[in-house]
Trainee: 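This is the structure I have questions about; it appears just below.
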There are 2 protein chains.
Amino acid sequence: MASKKPQARTNCSVCPLRKNEAFRDFNRGELQFIEGFKTGELTVDKGAVILVEGSHSPHLFTVLSGVAFRYKILEDGRRQILNFALPGDLIGLQGTVIGEMEHSVEALTPMSLCLFERSRLESLFREHPGLAFDLTWIAAREERILDEHLLSIGRRSALERAAYLLAFLYRKFDATDAFANGKPIFPITQQLLSDTLGLSIVHTNKTLRKLADRSLIRWKEKGCEIIDPDGLAAIANWDWETEIDRPFI
Amino acid sequence: MASKKPQARTNCSVCPLRKNEAFRDFNRGELQFIEGFKTGELTVDKGAVILVEGSHSPHLFTVLSGVAFRYKILEDGRRQILNFALPGDLIGLQGTVIGEMEHSVEALTPMSLCLFERSRLESLFREHPGLAFDLTWIAAREERILDEHLLSIGRRSALERAAYLLAFLYRKFDATDAFANGKPIFPITQQLLSDTLGLSIVHTNKTLRKLADRSLIRWKEKGCEIIDPDGLAAIANWDWETEIDRPFI
DNA sequence: CGCCGTATTGACAATCCTCAAGTAAGGTGG
DNA sequence: CCACCTTACTTGAGGATTGTCAATACGGCG
């Protein structure tokens, strides 16, 4: 029983996220509970749709590795990307309100995710108030991020908006070591950036060019390299607070 | 001790919100806890700033009566209104993340609010998992609303955006009987609408005129009367689900 | 090799913003 | 009661930003 692990399942006790200084660790009781709470692991390819708008998913997920994005679409196809999910981020909590998802989630890279049963949330709240508080904390944090995005899309110019988004993504990737090879490059297309910024793809391209001309970023074969994150944040007038010891489930 | 109530404090046992069918009721134990959790009541005039961006408030609030709005501002004064708070809505939960508020809240009308101590949240989570779940539910619901707002500002045209916002506000006001005199008129200025829509005030005015020309709304002395909420929702292509029995604290 | 997805660029059009001026209603002080 | 504020709403004109269309380039992949 010692080193036998036929399944692809990562045991929570050796969860790599726990070692990351960005996250707070569990105590023994919580760890034990989480191990039981986790009912499986999902591995998907890039492009896979993990949750669909309008569906009733019985699951919650935590990203173990890889990157996903949440989005909503209007009937005629216009799409708005709401946020990105990186290792440690929880997916699907919004569905607990009516049960029906009001946004979709798609994998931007190959991913693995921890699987939880929504129906067992109740026992989490009953038995582990600390973890329950963490859940609320996580939801409140997402709210703050959405607030900032709203400010950005509503009131910042295209250039400021792009600068904010790239600085935001840089911080997010950097905090969880999500940069694949150590270099600050994220694997994103201009189509995705434009759907996040609420801009057309052409105008996004021209805006990115301006940022590149100022040596703030560099566009690579497939992705965007961040050269000067502080410069980007300065353009957007965005205060950049480093997060440490944030909870995750 | 029977009918002696020298203070302006509304006792939770006679809280008018509990009678509203939009909200779910508490059980006896929860009611008792909430009565202790509530440490005061705040009454403010229109225009009062209840929470300020950058401050560390030790309080949470639930709106008892009146209307408020949450907003963020950029250094040069550009303002984005994020959402509105009506009776039953919780204010300040986002501040539990870092303690520091990242948005401000201002009273749109005279208001009264229940006052809670943030420091006592822990006991709520420990003693009343049901209420803790409600808190998470409330946060998740706010997320969904922000998601929809993001879609709106990012991807809808000015006309669609205005139609969505007015339909959204209509539903929100209607659900909690917040229309002062029974008529579907809310007391808002075009300046506030434009800061919610992410538009200039001039363009907001012209957009509202188009909606008025189509007999969907009527602009009154100080406020906006909604004539055809379904027509507004149709323009915005917005699905309109009625909420009942939602929790509040 | 040709096809597809992605990025790039220019020309032009639509949307939205800014400036400016004017109207209307309410409040205040003489 | 009226002159004089202030605030909010309107409207037109012109300009800046952003979107659409179209054509091209480039690399990956079957």
Side-chain angles (χ1 to χ4, degrees), chain A residues 45-47 69 74 76-81 106-110 152-166 185-213 217-225 235-236, chain B residues 45-47 69 74 76-81 106 108-109 152-166 185-213 217-225 235-236:
Chain A
D45 291 336
K46 164 178 171 160
F69 58 92
L74 292 169
D76 62 1
R78 282 175 287 178
R79 178 173 71 170
Q80 178 65 42
I81 296 180
E106 182 179 327
L108 177 63
T109 67
S152 204
I153 296 196
R155 287 309 186 195
R156 282 197 250 248
S157 70
L159 191 74
E160 294 170 326
R161 228 183 285 178
Y164 159 71
L165 176 60
L166 294 171
I185 301 178
F186 21 77
I188 199 168
T189 66
Q190 296 188 2
Q191 175 70 65
L192 287 168
L193 283 181
S194 70
D195 279 347
T196 313
L197 295 168
L199 296 170
S200 73
I201 187 170
V202 174
H203 200 248
T204 299
N205 179 281
K206 288 169 182 170
T207 303
L208 290 173
R209 165 141 306 286
K210 285 184 193 170
L211 292 175
D213 288 345
I217 64 169
R218 196 156 26 208
W219 199 264
K220 306 293 242 184
E221 318 76 58
K222 289 284 152 78
C224 181
E225 177 179 359
I235 286 182
Chain B
D45 291 335
K46 166 182 168 155
F69 58 93
L74 292 169
D76 61 3
R78 281 175 288 179
R79 178 174 70 170
Q80 178 65 42
I81 295 180
E106 182 178 328
L108 178 62
T109 67
S152 203
I153 296 195
R155 287 309 186 195
R156 283 197 249 249
S157 70
L159 191 74
E160 295 170 325
R161 226 183 288 180
Y164 159 72
L165 176 60
L166 294 171
I185 301 177
F186 23 76
I188 200 170
T189 65
Q190 296 188 2
Q191 175 70 67
L192 287 169
L193 283 181
S194 69
D195 280 348
T196 313
L197 295 167
L199 296 170
S200 73
I201 186 169
V202 174
H203 201 248
T204 299
N205 179 280
K206 289 169 182 170
T207 303
L208 291 173
R209 165 142 307 285
K210 286 184 192 170
L211 292 175
D213 288 345
I217 63 169
R218 196 156 26 209
W219 198 264
K220 306 294 245 184
E221 318 77 59
K222 289 284 152 77
C224 181
E225 177 180 359
I235 286 182

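Lettering of chains follows the sequences in order, A, B, ..., and the numbering in each one begins at 1.
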Trainee: Specify the separation, in whole Å, of atom CZ of B/Arg161 and atom P of D/dT18.
Mentor: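 For the pair B/Arg161 CZ and D/dT18 P, the rounded distance is 12 Å.
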Trainee: Any chance you could lay out the side chain to side chain contact (heavy atoms under 4.5 Å, CB included) test for A/Thr196 and A/Arg161, step after step, and finish with the verdict?
Mentor: CA-CA 10 Å; A/Thr196 313; A/Arg161 228 183 285 178; over 6 Å; no
Trainee: Using a heavy-atom cut-off of 4.0 Å across all strands, would you classify B/Ile201 as base, sugar-phosphate, or nothing?
Mentor: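 B/Ile201: no heavy atom of the nucleic acid under 4.0 Å.
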Trainee: Determine, step by step, whether B/Thr207 and B/Leu197 satisfy the side chain to side chain contact (heavy atoms under 4.5 Å, CB included) criterion, reporting the C-alpha distance in whole Å, the side-chain angles of both residues, the deciding distance to 0.1 Å, and the verdict.
Mentor: CA-CA 11 Å; B/Thr207 303; B/Leu197 295 167; over 6 Å; no
Trainee: Give the nucleotide from the list C/dC16, D/dC9, C/dA7 with an atom nearest to the side chain of B/Gln190.
Mentor: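 Minimum distance to the B/Gln190 side chain belongs to D/dC9.
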Trainee: In whole angstrom, what separates A/Leu208's CG from C/dT8's C1'?
Mentor: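 One finds 12 Å between C1' of C/dT8 and CG of A/Leu208, rounded.
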Trainee: How long is the straight-line distance from NE2 of A/His203 back to CD1 of A/Ile201, given to the nearest 0.5 Å?
Mentor: 13.5 Å
Trainee: Students often get this wrong, so: under 4.0 angstrom with heavy atoms, is A/Ser200 touching a base, only sugar-phosphate, or nothing?
Mentor: base
Trainee: Look at the side chain of A/Val202 and decide which nucleotide, out of D/dA22, C/dA7, D/dG12, has an atom nearest to it.
Mentor: D/dA22
Trainee: Starting at atom CG of B/Asn205, determine the distance to atom P of C/dC19, rounded to an integer number of angstrom.
Mentor: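 My rounded result for the distance is 17 Å.
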Trainee: Using a distance-only criterion (donor-acceptor N/O pair, under 3.5 Å, no hydrogens), is the base of D/dG12 paired with the side chain of B/Lys206?
Mentor: yes
Trainee: Nearest of C/dT6, D/dC9, D/dT11 to any side-chain atom of A/Thr189?
Mentor: C/dT6
Trainee: I need the CD1-C1' distance between A/Ile153 and C/dC16, as an integer number of Å.
Mentor: 17 Å
Trainee: Mind calculating the distance between NE2 (B/His203) and P (D/dA13) to the nearest angstrom?
Mentor: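 Spelled out: NE2 on B/His203 to P on D/dA13 is 16 Å.
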Trainee: Can you tell me the distance, in whole Å, between the CD1 atom of B/Ile188 and the P atom of D/dA8?
Mentor: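 Distance, rounded to whole Å: 12 Å.
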Trainee: Take the protein atom CG of B/Asp195 and the nucleotide atom P of D/dA8, then report the distance between them rounded to whole Å.
Mentor: 12 Å
Trainee: Provide the closest heavy-atom pair for A/Gln80 versus A/Ile153 in the form atom of the first, atom of the second, distance.
Mentor: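 What the structure gives for the nearest pair is NE2-CD1, 3.5 Å.
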Trainee: Just call it for A/Gly198: base, sugar-phosphate, or nothing, with non-hydrogen atoms closer than 4.0 Å on any strand.
Mentor: sugar-phosphate
